[in-house]
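Some notes on the structure that comes next.
Residue numbering restarts at 1 for every chain, and letters A, B, ... go by the order of the sequence lines.
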Protein chains: 2
Amino acid sequence: MSNFYNSEQINLARWAKALSHPARVHIMQHLSKQSCCYSGDLAEDLPIARSTLSQHLKELKAAGLIQGEINPPRIKYCINKDNWEIAKKSFKSFMNL
Amino acid sequence: MSNFYNSEQINLARWAKALSHPARVHIMQHLSKQSCCYSGDLAEDLPIARSTLSQHLKELKAAGLIQGEINPPRIKYCINKDNWEIAKKSFKSFMNL
DNA sequence: TTAGTATTTCGTAAAAATACGAAACAAAGA
DNA sequence: TCTTTGTTTCGTATTTTTACGAAATACTAA
């Protein structure tokens with residue numbers, strides 16, 4: 001990562017990127033409403049292959065917006081509340097909301 | 001565009017994508033502060049080629065977040081205030097801010 | 001031990017994003 | 001008319017994203 005940009009800019013871009021696909025926006029909306037759910041629940045909702053969904057979940061996890069808790073044979077995904085708050089604050093200050 | 005996602009999701013993803021690169025975040029911050037500027041001003045700030053900067057400006061313009069006004073031999077870029085307000089509202093409602 | 005369930009990882013293909021330098025452009029000034 | 005200035009477009013290379021189906025994994029239940 002170029003050391004030119006400040007961390008506010010880098011973080012905002014990172015979070016924006018995590019939200020830059022409608023499927024991932026959908027997932028975050030779903031989790032905002034009910035806080036946790038299983039991958040299968042989302043798979044029924046979304047018009048994409050399960051493996052593709054899994055990739056989107058992986059990206060949201062890598063960005064720190066969600067976390068997965070193993071609950072065999074399923075995996076329960078929840079919002080990472082701490083980071084979600086931080087992300088919200090970033091957007092808030094960036095946009096003067 | 002798949003007709004599965006609703007327009008709120010599509011728009012949010014579109015704006016998020018526009019902000020998914022630190023250079024574009026930087027540009028929007030710069031324009032938020034002083035509302036308008038020239039491509040050259042940004043070029044001095046940013047560690048990227050002018051042609052690359054031009055591409056980023058083009059993307060922000062395509063997303064509707066900025067607009068360019070020809071002011072020969074320069075081009076004055078300004079925030080598209082109407083759309084920027086709409087984008088802010090989208091993020092605001094998405095994030096319950 | 002075998003079968004079933006929920007999910008991920010792997011392999012891969014196609015499309016999009018990012019970046020650069022060279023060339024083109026359009027208007028202003030000499 | 002020629003040159004300079006600020007900027008974009010073009011051509012191109014590299015990397016990343018998005019997508020799918022097949023195979024692997026991990027745990028449960030029969």
Side-chain angles (χ1 to χ4, degrees), chain A residues 1-5 9-10 12-28 30-31 34 36-78, chain B residues 1-5 9-10 12-28 30-31 34 36-78:
Chain A
M1 186 70 68
S2 140
N3 66 343
F4 169 80
Y5 302 103
Q9 293 167 333
I10 289 171
L12 201 99
R14 201 165 58 88
W15 280 314
K17 191 179 211 168
L19 297 171
S20 71
H21 190 289
R24 295 196 291 268
V25 170
H26 179 104
I27 292 166
M28 290 307 290
H30 192 95
L31 289 179
Q34 58 175 75
C36 290
C37 76
Y38 296 104
S39 173
D41 303 341
L42 294 164
E44 278 169 34
D45 261 30
L46 293 167
I48 55 177
R50 274 154 199 270
S51 54
T52 305
L53 169 59
S54 196
Q55 261 181 169
H56 285 306
L57 290 168
K58 198 174 170 182
E59 268 191 68
L60 287 171
K61 204 157 76 178
L65 293 181
I66 64 173
Q67 55 203 147
E69 182 190 317
I70 294 171
N71 197 349
R74 298 193 282 179
I75 295 176
K76 192 162 79 172
Y77 280 102
C78 306
Chain B
M1 187 72 68
S2 140
N3 67 342
F4 169 80
Y5 302 103
Q9 293 167 334
I10 289 170
L12 201 99
R14 201 165 59 88
W15 280 312
K17 192 178 211 168
L19 297 172
S20 71
H21 190 288
R24 295 196 292 268
V25 170
H26 180 104
I27 293 167
M28 291 306 292
H30 192 95
L31 289 179
Q34 59 176 73
C36 289
C37 74
Y38 296 104
S39 174
D41 304 340
L42 294 164
E44 278 169 35
D45 262 28
L46 292 167
I48 55 177
R50 273 153 201 271
S51 54
T52 306
L53 168 59
S54 196
Q55 263 181 167
H56 285 306
L57 289 168
K58 198 174 171 184
E59 267 190 70
L60 286 171
K61 202 157 77 179
L65 293 181
I66 65 173
Q67 56 202 150
E69 183 189 316
I70 295 170
N71 198 347
R74 298 194 281 178
I75 295 176
K76 191 162 78 172
Y77 281 102
C78 307

How would you give the extent of chain B contacts on DNA chain D, as first and last nucleotide 5' to 3' within a 4.0 Å heavy-atom cut-off? D:dT5 to D:dT9
Output all residues satisfying side chain to side chain contact (heavy atoms under 4.5 Å, CB included) with B:I75, sequence neighbours left out; order by chain, then residue number. B:I70, B:Y77
Taken in chain and number order and not counting sequence neighbours, the residues that satisfy side chain to side chain contact (heavy atoms under 4.5 Å, CB included) with B:E69 are B:K76
Between atom CD in A:E69 and atom P in C:dT7, what is the gap in whole Å? 13 Å
For B:A62, give me all partners under side chain to side chain contact (heavy atoms under 4.5 Å, CB included), at least two apart in sequence or on another chain. none
What pairs of nitrogen or oxygen atoms, one from the protein and one from nucleotides 12-19 of chain C, lie under 3.5 Å apart?
from, atom 1, to, atom 2, distance (Å)
C:dA17, OP1, B:K17, NZ, 3.1
C:dT18, OP2, B:R24, NH1, 2.9
C:dT18, OP2, B:R24, NH2, 3.2
C:dT18, OP2, B:E59, OE2, 3.4
C:dA19, OP1, B:H21, NE2, 3.4
C:dA19, OP2, B:H21, NE2, 3.2
C:dA19, OP2, B:H56, NE2, 2.8
C:dA19, N7, B:Q55, NE2, 2.9
C:dA19, N6, B:Q55, OE1, 3.2

Tell me whether the side-chain N/O atoms of A:Y38 come closer than 4.0 Å to OP1 or OP2 in C:dT8. no
Give, for atom OH of A:Y5 and atom NE2 of B:H21, the distance between the pair rounded to the nearest 0.5 Å. 5.5 Å
Pairs flagged by side chain to side chain donor-acceptor pair (under 3.5 Å) wherever residues 53-65 of chain A is involved - sequence neighbours left out: A:R24-A:H56, A:R24-A:E59
Can you name the ring-ring contact (aromatic ring centres under 6.0 Å, His included) partners of A:H26, sequence neighbours left out? B:F4
d(CZ, A:R50; P, C:dT5) in whole Å: 12 Å
Between A:P73 and A:S51, which has a closest nucleotide on DNA chain C that is more 5'? A:P73
What residues form a side chain to side chain donor-acceptor pair (under 3.5 Å) with A:D41, not counting sequence neighbours? none
Can you tell me how far CG of B:L42 sits from NE2 of B:H30, rounded to the nearest 0.5 angstrom? 5.5 Å
C:dT7 P sits how many Å from A:L46 CG, rounded? 13 Å
How would you label the contact of B:S39 with the nucleic acid (heavy atoms, under 4.0 Å): base, sugar-phosphate, or nothing? sugar-phosphate
